[in-house]
Amino acid sequence: MAKSSSSYQMSAAPVTVFVHLLAISIATLTLVWLIKFREGFAFNSRIKAKIFNLHPLLMILGFLLFSGEAIVVYKAIPADRKAQKIVHLILHLIALVAGILGVYAVFKFHNEVNIPDMYTLHSWIGLSTISLFGLQWLLGFFTFFYPRAESTRRTSMAPWHAFFGAVIFFMTIVTAETASSFPEEISTGRLLS
């Protein structure tokens with residue numbers, strides 16, 4: 001007698017546990033790096049590198065971790081569809097707010113140390129990513145959460161929402177990977193005034 005096809009499906013639990021352990025590790029390493037090796041972080045400081053340090057903190061915690069968590073939660077939490085959508089929406093909103101604050105912090109840093117804005121590939125990809133992320137959030141809100149949205153529109157938009165959500169998440173990873181294009185003074189934390 002043949003086994004049922006469900007016996008070959010892998011449980012999401014081990015992957016979910018691994019992703020959460022990875023997220024905790026990333027958050028911990030980022031905080032240790034910024035506090036121990038980069039003098040901490042602050043919105044206002046005589047040490048301007050502290051203002052800059054808010055940028056990687058908010059972007060990693062917000063865009064990579066909260067956004068990633070929102071993706072995992074939508075598929076992994078054992079709840080009804082409405083609860084999944086609410087948690088997904090709120091986590092993405094937290095990611096968007098953190099991203100906006102992170103962009104604000106880096107522009108504030110540039111203005112205080114007289115560095116031009118938008119001069120690296122990282123900054124252009126990053127601004128494109130946060131703009132698309134905000135647009136995706138708004139479209140998702142009005143398509144899937146807003147009570148007056150048509151069910152036929154929701155059905156037709158769902159695969160596109162998932163596809164562009166994955167593309168935007170990968171864009172956040174590409175943005176993080178291009179962060180090494182910062183000038184040496186910023187990446188080594190040598191800006192002290």
Side-chain angles (χ1 to χ4, degrees), residues 9-27 30 54-107 117-182:
Q9 292 179 348
M10 182 178 152
S11 170
V15 175
T16 303
V17 169
F18 173 74
V19 167
H20 285 100
L21 290 174
L22 190 60
I24 291 167
S25 300
I26 291 168
T30 300
L54 279 171
H55 178 70
L57 175 70
L58 291 168
M59 293 315 209
I60 289 170
L61 293 179
F63 257 28
L64 288 176
L65 299 184
F66 276 103
S67 170
E69 183 67 20
I71 294 167
V72 170
V73 158
Y74 190 72
K75 292 292 184 181
I77 62 169
D80 67 339
R81 190 63 125 193
K82 180 89 170 164
Q84 288 174 329
K85 287 196 315 191
I86 290 170
V87 172
H88 183 75
L89 179 80
I90 290 170
L91 288 174
H92 274 310
L93 181 61
I94 292 168
L96 183 60
V97 169
I100 290 169
L101 289 172
V103 169
Y104 169 77
V106 79
F107 277 111
D117 297 321
M118 306 299 294
Y119 64 94
T120 63
L121 180 63
H122 170 79
S123 59
W124 284 100
I125 295 172
L127 197 58
S128 299
T129 302
I130 196 165
S131 298
L132 290 172
F133 191 95
L135 182 62
Q136 172 85 340
W137 190 89
L138 284 172
L139 290 172
F141 176 81
F142 286 112
T143 302
F144 301 107
F145 195 74
Y146 190 66
R148 293 189 184 141
E150 299 171 10
S151 62
T152 55
R153 173 173 272 180
R154 289 178 184 165
T155 304
S156 66
M157 290 293 289
W160 292 106
H161 180 75
F163 172 74
F164 283 112
V167 168
I168 293 167
F169 186 72
F170 285 121
M171 285 179 70
T172 64
I173 295 168
V174 169
T175 304
E177 290 297 322
T178 59
S180 64
S181 63
F182 291 133

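As the structure is a computational prediction, the values presented were derived from the model and not from experiment.
Taking NE2 from His122 and CE from Met59, the interatomic distance works out to 7.0 Å, rounded to the nearest 0.5 Å. Taking OG1 of Thr178 as the reference point, atom CG of Leu121 lies at 5.5 Å (rounded to 0.5 Å). Taken from CD1 in Ile173 to CD1 in Ile125, the straight-line distance is 13.0 Å, to the nearest 0.5 Å. Rounding to the nearest 0.5 Å places OG1 of Thr152 at 11.5 Å from CE of Met157.
Checked against side chain to side chain contact (heavy atoms under 4.5 Å, CB included), Tyr146 has the following partners two or more places apart in sequence or in another chain: Phe141, Phe142, Arg148. Residues that satisfy the side chain to side chain donor-acceptor pair (under 3.5 Å) test with Thr129, not counting sequence neighbours, are Thr175. Listed by chain and residue number, Ile26, Leu34, Leu57, Ile60 satisfy the side chain to side chain contact (heavy atoms under 4.5 Å, CB included) test with Thr30 (two or more places apart in sequence, or in another chain). Taking Thr16 as the reference, Ala12, His20, Val72, Ala76 meet the side chain to side chain contact (heavy atoms under 4.5 Å, CB included) condition, with sequence neighbours excluded. Partners of Ala158 according to the side chain to side chain contact (heavy atoms under 4.5 Å, CB included) rule, which considers only residues two or more places apart in sequence or in another chain, are Phe144.
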Under 3.5 Å, which donor-acceptor pairs link side chains of residues 88-106 to any protein atom two or more places apart or in another chain?
{"residue": "His88", "atom": "ND1", "partner": "Ala70", "partner atom": "O", "Å": "2.8"}

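Contact between Phe63 and Phe169 at its shortest, heavy atoms only, is O-CE1, 4.1 Å. Summarising the geometry of Leu132 relative to Ile168, their closest heavy-atom pair is O-CD1, 3.5 Å, with the distance given to 0.1 Å. Considering all non-hydrogen atoms of both residues, Leu64 and Ala176 come closest at CD1-CB, 4.2 Å.
Side-chain atoms of His55 and Phe107, non-hydrogen and from C-beta on, never get closer than 4.5 Å to each other.
More than 12 heavy-atom neighbours from other residues, nucleotides or ligands sit within 6.0 angstrom of CZ on Arg154.
Listed by first and then second residue, the side-chain hydrogen bond (donor to acceptor under 3.5 Å, both in side chains) pairs involving residues 156-173 are Gln136-His161 (not counting sequence neighbours).
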